[in-house]
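What you see below is based on every heavy atom in this structure, not just the backbone, and it leaves out hydrogens, waters and symmetry mates. In this text the structure is predicted, and so the values were computed from the model without any measurement.
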Amino acid sequence: MNFLELCEKRYSVRKYSAEAVSDDDLRYVLECARMAQSAVNFQPWEFVVVRSEAAKADIRRCYDREWFASAPLYIVALRDVNANWVRSSDGKPHGDIDVAIAVEHICLAAAERGLGTCWVANYDTALLNQLFGDADHEAVAIVPIGHIAADCPFAPKKRKEMSLIVKEL
């Protein structure tokens, strides 16, 4: 499959089977995240793999949705608040951007392996940071990851026409 096909294949999965994610698949996905580019190569990220039943119960308190609870594991993407490259011309920090790039690597690598993901950003930020972050790391996203349930709906992607998003000068 080429890259465009992979991008078309990947979608926000909201129903997972009970089948566990293999250690090999998890290592592959995390290695792809590790290889992600970042501003000035600061790599301002840390990933917390949530697998234990106790930790899964905690993360589900941060985002209480039935579909979310069906995931067999989660990856919490954290930003190292001390390792952000900051653009000098306007003071814009790039840590969230860098973590977002790594999270998208996770999502695409999982799709390549036949796994589903969903980028979750609408969670209880204070609770998630209390449970999984620390003084030096702030949560940016939660990625539930697992095998896609047989009855999980897939809707064709709705995207704007190229002419609406690209300007040539």
Side-chain angles (χ1 to χ4, degrees), residues 1 5-34 36 44-81 84 93-160 165:
M1 137 179 38
E5 291 168 333
L6 178 61
C7 291
E8 291 169 340
K9 176 182 176 180
R10 194 254 159 223
Y11 68 103
S12 294
V13 172
R14 290 189 174 89
K15 191 170 187 183
Y16 301 89
S17 75
E19 183 180 352
V21 173
S22 73
D23 289 340
D24 185 53
D25 283 343
L26 179 60
R27 273 191 304 274
Y28 179 81
V29 165
L30 291 171
E31 181 63 13
C32 289
R34 191 175 76 86
W45 49 64
E46 183 172 288
F47 303 104
V48 178
V49 177
V50 178
R51 279 183 139 163
S52 74
E53 291 306 316
K56 288 193 287 189
D58 280 344
I59 202 164
R60 291 170 181 158
R61 291 173 39 213
C62 300
Y63 187 70
D64 186 19
R65 304 292 190 283
E66 185 176 339
W67 72 266
F68 185 74
S70 72
L73 74 81
Y74 308 87
I75 297 173
V76 179
L78 303 171
R79 175 179 61 91
D80 183 333
V81 299
N84 286 293
H94 276 251
D96 283 350
I97 295 167
D98 293 338
V99 175
I101 294 166
V103 169
E104 188 59 12
H105 277 53
I106 288 170
C107 293
L108 290 170
E112 180 193 14
R113 298 294 270 236
L115 299 169
T117 59
C118 185
W119 184 302
V120 176
N122 182 26
Y123 46 80
D124 182 329
T125 55
L127 183 58
L128 189 69
N129 283 318
Q130 175 190 337
L131 294 169
F132 297 98
D134 57 40
D136 296 323
H137 296 88
E138 175 184 70
V140 173
I142 306 170
V143 182
I145 182 170
H147 294 273
I148 303 167
D151 61 343
C152 181
F154 172 80
K157 293 184 179 193
K158 296 178 186 175
R159 297 294 186 259
K160 293 179 180 179
I165 62 169

*So which pairs with a foot in residues 5-29 pass ring pair (Phe, Tyr, Trp, His ring centres under 6.0 Å), sequence neighbours left out?*
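For residues 5-29, and leaving out neighbouring residues, the ring pair (Phe, Tyr, Trp, His ring centres under 6.0 Å) pairs sorted by first residue read Tyr11-Phe154.
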_Residue pairs involving residues 94-120 (criterion ring pair (Phe, Tyr, Trp, His ring centres under 6.0 Å); sequence neighbours excluded)_ =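 Counting only pairs at least two positions apart or across chains, the ring pair (Phe, Tyr, Trp, His ring centres under 6.0 Å) contacts touching residues 94-120 are Trp85-His94.
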Hey, could you give me the [atom1]/[atom2] distance between [X] and [Y], rounded to the nearest 0.5 Å?
X	Y	atom1	atom2	value
Asp96	Ile101	CG	CD1	11.0 Å
Asp98	Asp80	CG	CG	11.0 Å
Leu6	Leu108	CG	CG	5.0 Å
Ile75	Ile106	CD1	CD1	4.5 Å
Tyr74	Arg60	OH	CZ	3.5 Å
Cys62	Ile142	SG	CD1	6.0 Å

*Using modelled atom types only, decide if a donor and an acceptor are shared between the side chain of Lys9 and the backbone of Ala111 within a distance under 3.5 Å.*
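Yes, the answer is positive, given that a donor and an acceptor are paired below the 3.5 Å cut-off.
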*Where the side chain of Lys56 meets the backbone of Pro72, is there a donor-acceptor pair that is under 3.5 Å apart?*
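Side chain of Lys56 to backbone of Pro72, a donor-acceptor pair under 3.5 Å: yes, one is there.
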*With a 4.5 Å heavy-atom cut-off, do Leu115 and Val21 have their side chains touching?*
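A side-chain contact exists here, since the closest heavy-atom pair is under 4.5 Å.
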*State, with a plain yes or no, whether a side-chain heavy atom of Arg65 is found less than 4.5 Å away from one of Val120.*
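A side-chain contact under 4.5 Å is absent here.
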*Check the pair Glu138 / Leu78 against side-chain contact (heavy atoms from CB on, under 4.5 Å), numbers first and verdict last.*
CA-CA 5 Å; Glu138 175 184 70; Leu78 303 171; over 6 Å; no
So with a 6.0 Å cut-off around [atom1] of [X], is the heavy-atom count from everything else above 12?
X	atom1	value
Asp24	CG	yes
Lys157	NZ	yes
Glu66	CD	no

*Evaluate the criterion side-chain contact (heavy atoms from CB on, under 4.5 Å) for residue pair Val29 and Glu112; output intermediate values, then yes/no.*
CA-CA 9 Å; Val29 165; Glu112 180 193 14; over 6 Å; no
*Going by the angle between their ring planes, with limits at 30° and 60°, are Phe68 and Tyr63 parallel, tilted or perpendicular?*
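Aromatic pair Phe68/Tyr63 classed perpendicular.
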*asked:* If you compare all heavy atoms of Pro144 against all heavy atoms of Cys118, which two are closest, and at what distance to 0.1 Å?
replied: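 Shortest heavy-atom contact: CD-O, 2.9 Å.
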*When you look at Asp124 and Arg61, which way does the salt bridge (charged side-chain N to carboxylate O under 4.0 Å, His left out) test go after all the steps?*
CA-CA 8 Å; Asp124 182 329; Arg61 291 173 39 213; over 6 Å; no
*Begin with the C-alpha distance, continue with both residues' side-chain angles, and end with the deciding distance and a verdict on side-chain contact (heavy atoms from CB on, under 4.5 Å) for Asp58 and Phe132.*
CA-CA 9 Å; Asp58 280 344; Phe132 297 98; 4.1 Å; yes
*Determine, step by step, whether Ile145 and Arg113 satisfy the side-chain contact (heavy atoms from CB on, under 4.5 Å) criterion, reporting the C-alpha distance in whole Å, the side-chain angles of both residues, the deciding distance to 0.1 Å, and the verdict.*
CA-CA 11 Å; Ile145 182 170; Arg113 298 294 270 236; over 6 Å; no
